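Given the structure is predicted, the values throughout are model-derived calculations rather than measurements. Note: hydrogens, waters and symmetry copies are ignored here, and every other heavy atom, side chains too, is used.
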Amino acid sequence: MAEIIHNQTVDALLNRCSIRAFEPDEIDDDTIATLELCAQHAPSSMYLNDWSAIRITDPEKRRKLAEIGRQSYIGTAPLLYIFVIDEHRNAQIAQRMGVDVESGEFTLNTSYRFTQAQNDATLALQAMATAAESLGLGSVVLGTVLGDIDAVIDLLELPQFTYPVLGLALGKPAQQPEVKPRMPREVQFMENSYFGDELTTRTRMEAFDAEVHTYYDLRNDGRPEETFSKQIAKKAVAQGVLQSGLDHAKRQGFRLDR
């Protein structure tokens with residue numbers, strides 16, 4: 001049986017929890033500069049640097065984002081970012097170099113670039129979150145701010161060829177939640193090909209379901225008891241989310257049929 005090697009970075013990653021309650025302490029400028037530089041050092045597809053992050057300091061914008069996400073801590077976190085796909089900056093550069101961004105030769109608004117830029121923004125966000133953990137801060141990734149994409153686009157005045165991806169709230173933790181269980185490593189990591197051993201997977205997932213059930217039961221006895229499988233089944237039939245995202249991306253100038 002393999003044994004996990006421990007060091008400061010590994011332990012920070014293994015003990016990471018989403019923090020949803022923060023101390024009111026402000027984050028100093030040196031820490032902010034460090035976090036932002038770490039985000040910039042994340043991998044970038046084709047070196048296009050096609051993401052940006054908007055630091056939200058305006059109290060009214062924070063309040064509106066908390067309203068959109070239906071989570072009060074979005075408005076009170078000491079540090080709040082919205083990471084966005086940003087081909088607008090590259091389109092301006094290309095245009096200055098003589099490229100017609102309205103023509104068919106312009107490819108930074110295709111589905112491939114949209115996906116790759118989304119990946120880049122997510123990698124940058126994760127780099128920032130990991131750096132924050134190493135500095136004793138906590139964070140929570142905010143997918144809920146996309147509950148009303150039109151409102152976020154308008155609130156942040158996002159121009160053509162940009163699109164919100166995720167938010168990130170950071171600060172000194174005011175809570176110590178238990179680490180959420182992860183599924184068995186053997187189920188999620190495969191070798192050479194997708195193994196597709198349904199019986200083995202089902203057996204291991206049944207044990208994982210019991211672990212998740214216990215986790216939620218101990219964390220909050222007032223919460224309906226849910227296994228991982230029940231959560232997946234519920235989310236597998238969510239309606240309208242995909243089409244809504246496609247419509248908003250097209251509004252921002254991305255041609256997702258290419």
Side-chain angles (χ1 to χ4, degrees), residues 7-44 49 51-86 89 117-158 162-180 219-220 223:
N7 60 32
Q8 186 176 3
T9 302
V10 170
D11 289 343
L13 289 167
L14 293 180
N15 293 314
R16 191 211 67 81
C17 294
S18 292
I19 300 297
R20 296 178 173 86
F22 301 96
E23 300 290 353
D25 311 35
E26 290 188 8
I27 308 299
D28 63 87
D29 290 343
D30 289 347
T31 299
I32 291 173
T34 301
L35 295 176
E36 293 180 357
L37 186 60
C38 286
Q40 288 185 288
H41 277 258
S44 172
N49 293 281
W51 63 270
S52 291
I54 301 175
R55 190 186 325 114
I56 310 297
T57 57
D58 181 277
E60 181 60 16
K61 290 192 175 186
R62 282 170 162 267
R63 185 193 66 77
K64 288 183 178 177
L65 286 169
E67 190 177 274
I68 291 168
R70 299 181 180 179
Q71 294 164 320
S72 60
Y73 55 82
I74 294 176
T76 59
L79 198 54
L80 177 64
Y81 291 89
I82 304 297
F83 282 73
V84 302
I85 290 170
D86 189 355
R89 179 172 52 239
Q118 186 177 46
N119 291 342
D120 287 354
T122 304
L123 289 168
L125 178 149
Q126 184 57 49
M128 178 180 281
T130 301
E133 291 279 340
S134 75
L135 296 174
L137 300 177
S139 66
V140 58
V141 178
L142 306 168
T144 53
V145 295
L146 302 183
D148 188 339
I149 297 174
D150 271 337
V152 172
I153 289 172
D154 292 339
L155 180 66
L156 303 184
E157 304 175 57
L158 297 183
T162 63
Y163 190 81
V165 176
L166 289 169
L168 183 66
L170 307 106
K172 183 178 178 181
Q175 61 178 185
Q176 292 182 314
E178 292 291 322
V179 177
K180 188 176 288 187
R219 191 174 76 165
N220 183 0
R223 178 191 175 114

* Structure fact -> Heavy-atom closest pair (Leu155 atom, Lys61 atom, distance to 0.1 Å) is O-NZ, 3.2 Å
* Asked: What is the minimum heavy-atom distance between Ala66 and Ser72, and which atoms define it?
  -> CB-O, 4.3 Å
* Non-hydrogen side-chain atoms of Leu80 and Ile74 separated by less than 4.5 Å -> yes
* Asked: Rounded to the nearest 0.5 Å, how far does OH of Tyr73 lie from CD1 of Ile19?
  -> 11.0 Å
* If we ignore angles and hydrogens, is there a donor and acceptor under 3.5 Å between the side chains of Thr31 and Asp28? -> yes
* **Side-chain (Asp154) to main-chain (Glu157) donor-acceptor, under 3.5 angstrom** => no
* To do: State, yes or no, whether a side-chain contact exists between Leu125 and Val141 at a heavy-atom distance under 4.5 Å.
  => yes
* Calculate, to the nearest 0.5 Å, the distance between atoms NZ and OG belonging to Lys180 and Ser18 respectively. => 6.5 Å
* Working for side chain to side chain contact (heavy atoms under 4.5 Å, CB included), residues Ile32 and Asp30 -> CA-CA 5 Å; Ile32 291 173; Asp30 289 347; over 6 Å; no
* To do: Could you check if a side-chain atom of Asp150 sits within less than 4.5 angstrom of a side-chain atom of Asp148, using non-hydrogen atoms only?
  => yes
* Asked: Is it true that a side-chain atom of Arg89 and a backbone atom of Asn49 form a donor plus acceptor pair closer than 3.5 Å?
  -> yes
* Asked: More than 12 non-hydrogen atoms from neighbouring residues, nucleotides or ligands closer than 6.0 Å to CD on Glu26, yes or no?
  -> no
* Asked: Got a second to check how far Ile27's CD1 is from Leu35's CG, nearest 0.5 Å?
  -> 8.0 Å
* Can you measure from CG (Leu123) to OG (Ser44) and round to the nearest 0.5 angstrom? => 9.0 Å
* At what distance, to the nearest 0.5 angstrom, does CG of Leu135 lie from CG of Leu170? -> 10.5 Å
* For Val152 against Pro164, the heavy-atom pair lying closest together -> CG1-CB, 4.0 Å
* Considering all heavy atoms, the nearest Leu168-Leu142 contact -> N-CD1, 4.0 Å
* Asked: Do the side chain of Arg62 and the main chain of Ile56 share a donor and acceptor less than 3.5 angstrom apart?
  -> yes
* Asked: For Asn7, does the CG atom sit with more than 12 other heavy atoms under 6.0 Å from it, leaving out its own atoms?
  -> yes
* Please identify each residue that fulfils ring pair (Phe, Tyr, Trp, His ring centres under 6.0 Å) with Phe83, with sequence neighbours left out. => Trp51
* Of all heavy-atom pairs between Val165 and Ala121, which one has the smallest distance, and what is that distance? -> CG2-CB, 4.0 Å
* Looking at Thr144 and Gln71, what are the two nearest heavy atoms and their distance? -> OG1-OE1, 2.5 Å
* Mind checking the OG1-CD1 spacing from Thr162 to Ile153? Nearest 0.5 Å is all I need. => 7.0 Å
* Glu60 CD: over 12 foreign heavy atoms closer than 6.0 Å -> yes
* Asked: Is the backbone N or O of Phe22 less than 3.5 Å from a side-chain atom of Gln175, with the two atoms forming a donor-acceptor pair by type?
  -> no
* Between Tyr81 and Glu36, do the side chains contain an N or O donor and an N or O acceptor separated by less than 3.5 Å? -> yes
* To do: Please collect all salt bridge (Lys or Arg N to Asp or Glu O under 4.0 Å) contacts where either partner lies in residues 64-74, sequence neighbours excluded, each pair once.
  => Arg63-Glu67
* Scan residues 130-142 for pairs that pass side chain to side chain donor-acceptor pair (under 3.5 Å), counting only residues two or more places apart or in two chains. => Gln126-Thr130
